[in-house]
Every structure is written in C-alpha cells, then in structure tokens.
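The structure under discussion appears below in the form of structure tokens.
Order of appearance sets the numbers: ligands from 1, and atoms from 1 within every ligand. What you see is a predicted model; the values in this text were computed from it and never measured.
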Amino acid sequence: MKKITLKLLALFFPIQLLLIYILKQNPFWVEEFYSRKVFLFVSQVQHYLTSWIPFSIGDLFYSALVLIILFWIINLFRRKPTSNYRTGRFRKLRTRFLEAVAFLSLLYFLFHLFWGFNYYRLPLHQSLGISTYYTKEELHEFACDLIQKTNTLHSELVSHDSLKVEFEFTQNQLQQSVFEAYKRSENEDLQMPYRVENVKKSLFSLPLSYAGFSGYVNPFTNEAQYNYKIPKYKLPTTIAHEIGHQLGFSKENEANFIAAIITMEDENQFLRYSGLTFSLKYSLNDMYRKDPLLSEALIEELNPGVMKNYKEVQEFWQAYSGPVELIMETVYGNYLKVNNQPQGIESYNYVVALLVNYYQQKQTVKH
Ligand SMILES: [Zn+2]
C-alpha cells in the first residue's frame with residue numbers, strides 16, 4: 001500500500017476514537033441514524049453476500065487474518081542486509097509501525113460501520129419504556145411464575161418428572177425452529193425485523209468449547225455462528241441469542257433478553273422449555289445473590305428432571321474447563337468493557353431487570 005494511504009489511515013485512528021467518544025454521549029443519534037437506518041441497510045447487503053454460502057465466510061476471514069498477522073510478525077524479525085544496517089532497520093520499524101496502526105484503524109472502522117456502533121445505541125429498557133428497578137419480592141414472584149410454567153411444560157414433555165427433556169432433533173431442525181420463531185414472533189414491542197437466515201455452524205467449535213463460548217456473530221460478515229458441540233437443549237436459546245446480535249442488539253444482556261422472549265413466547269414446546277429454563281436460570285442466580293436460602297428453596301420446587309437438563313449443560317462445560325477458559329473470560333470481559341458494557345461479563349443480571357419489568361408490564365409470560 002502507498003505510504004500516503006497508510007499515513008491517512010493511521011491518522012484516522014485517533015479521529016475514530018474521538019467520534020466514538022462523542023457518539024457515546026448521544027445514544028439517540030446512534031439509535032435513529034445508525035441502528036435503525038445505516039445498520040439495517042449494511043446488514044442487508046452482508047446477508048445478501050454471505051447467507052447463501054453453506055459454511056462461515058467470516059471464520060475463513062478470521063483464519064486469514066491470523067495468517068496475515070503471523071506473516072507480518074515473522075517479516076518483522078527477518079533481517080535484510082542493507083548498506084547502512086542501523087538506518088535501514090529504523091526505517092523498516094517505522095514503516096512496520098505505520099502499517100500496524102493503519103491496519104488496526106481499518107479493522108476498527110469496518111467493525112464499527114458494519115455492526116459495532118450498535119454498542120452505543122439507546123439501552124433496550126429505554127426503547128421499551130420500562131424501568132430497570134425491581135425488588136426482591138418482584139423477582140420472587142417472577143421466578144415462581146417461571147417455575148410453575150417450567151414444571152407444567154416439563155410434565156407435558158416427559159413421561160416422568162425425574163426425566164430430562166430429550167431434544168431429539170438434528171441441529172438443522174433446531175436452527176429451523178428458531179428461524180420460524182423469529183418469523184412468527186408477533187411481539188409488537190420488539191418488532192424483530194426478521195429478514196434472512198444466516199446462521200452457521202462454527203468451524204472453530206472445539207476451541208470454542210475450551211474457551212467457554214456457545215456462539216458469536218462476525219461483525220464483518222454479519223453471519224451468526226454457533227458451537228455445534230453444546231447440548232441440543234441449549235441450542236434454541238443460543239441461536240436466538242446470536243440472531244438477536246445479528247439484528248443489531250450488540251450487548252450480551254440485550255441479546256439474552258431477546259432470546260428469552262422469542263423462545264418463551266413461541267408455540268413450539270421445546271423452544272419454550274429452552275427459553276423458560278434459560279430465564280429461570282438467570283432469575284435464580286440473581287436471587288442467590290440477594291437471598292441464597294430463598295433461591296435454594298425455589299430450586300427445590302423444580303421437577304428433578306429439569307435439574308437434569310441444567311446438569312447436562314454444566315457437565316458439558318466442566319469437561320472443557322481449564323486455563324483457556326479463564327484467559328478467554330478475562331479477554332472477553334475486557335472486550336465488553338471497551339465496548340460500552342462496563343460491568344464486563346458480570347453485566348448479565350441486567351437481563352433479569354429487563355425480564356422482570358417487561359413481564360410486570362405485560363402481566364405474565366404469554367403461555
Ligand atoms: Zn452474545
């Protein structure tokens with residue numbers, strides 16, 4: 001690349017940081033102009049380009065990126081004989097540094113243009129016009145409602161309450177059910193603009209299992225990838241979560257809330273089971289922080305078979321747990337902090353605030 005282009009790109013980096021700083025103060029602008037206009041157009045183009053390809057183009061892009069960076073680093077240490085070794089080396093380092101900043105600047109720009117600005121949109125509770133405040137009593141009432149619904153549904157799906165629910169579907173069938181749920185969703189508050197099916201199995205599912213990840217959206221291609229090794233019972237909420245990201249809800253807790261609503265309100269019993277137990281897990285964890293004894297008493301009320309579904313997921317992650325997971329938690333926690341989610345991975349109980357308040361306004365979960 002020409003040096004002038006590199007210099008301009010590098011110079012653009014601090015300008016972008018300033019722009020993001022300004023946007024952070026103005027979530028209304030981001031919501032109006034980016035999330036509801038520019039992003040919708042850009043993501044349509046991305047889906048048009050990548051949805052028909054059966055494997056993840058984004059994963060190939062990431063692999064290429066890693067290779068490019070590796071070659072670049074190797075090249076950095078390779079010595080070339082020059083007439084004046086010191087000046088030559090200094091010049092080379094300067095060019096390399098310029099290249100690195102320019103490259104980062106370009107990636108940073110594309111990341112934000114294609115998806116990342118959504119991190120600065122209006123918080124979902126504001127768009128929905130609901131509060132984030134809730135008392136322990138309100139949480140208790142919500143959790144009891146979920147437990148009752150979960151137990152009833154569980155009894156309909158199994159012959160004995162000590163059995164876990166078996167998801168005897170292929171991954172593609174479950175994927176299809178989630179697409180259908182989004183298509184069917186009549187939720188007027190969320191108005192999920194369902195467009196193109198663009199969900200794929202991740203090429204990196206094994207390393208993802210060790211890293212503790214169920215899925216991710218590639219912001220450069222807007223493809224959603226899921227870890228196909230996770231238990232099938234977890235697939236509906238995982239895929240629904242990734243589609244939530246694809247639709248422009250970048251924040252973890254907001255994508256979780258959307259996944260919960262889409263699955264819990266669907267007519268498919270298996271999706272509903274996945275969604276109810278998903279919301280219940282967050283509610284019980286939150287209750288545990290507020291009142292451990294009450295939380296344990298609530299867990300006692302659950303059918304033993306439901307606990308077996310939870311256990312299956314826990315055992316899956318335990319089998320892959322280790323140092324990689326810890327490192328990834330730190331890395332991802334920092335990524336969230338950089339991207340406007342200051343509580344990092346801890347920010348997950350915002351989803352409980354959204355669920356409790358949303359269903360208080362709606363009276364109850366639909367089914
Ligand atoms: Zn996510």
Examine the side chains of Thr132 and Asn357 and answer whether a donor and an acceptor come within less than 3.5 Å of each other. no
Distance only, no hydrogens: is a donor on one side chain within 3.5 Å (strictly under) of an acceptor on the other, for Ser205 and Tyr226? no
The Zn ion (ligand 1) as vertex, arms to NE2 of His241 and OE1 of Glu252: angle to 10°?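 NE2 of His241 and OE1 of Glu252 make an angle of 90° at the Zn ion (ligand 1), to the nearest 10°.
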Looking only at N, O or S atoms in His245, which is nearest to the Zn ion (ligand 1)?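 Looking at His245, the N, O or S atom with the least distance to the Zn ion (ligand 1) is NE2.
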Do Phe39 and Phe117 make the cut of ring centroids closer than 6.0 angstrom?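 That pair fails the under 6.0 Å test.
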Short N/O/S contact of Glu242 with the Zn ion (ligand 1) (below 2.8 Å):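 Glu242 does not place any N, O or S atom closer than 2.8 Å to the Zn ion (ligand 1).
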Donor-acceptor pair, Glu223 side chain versus Gly58 backbone, under 3.5 Å?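 Confirmed, Glu223 side chain pairs with Gly58 backbone.
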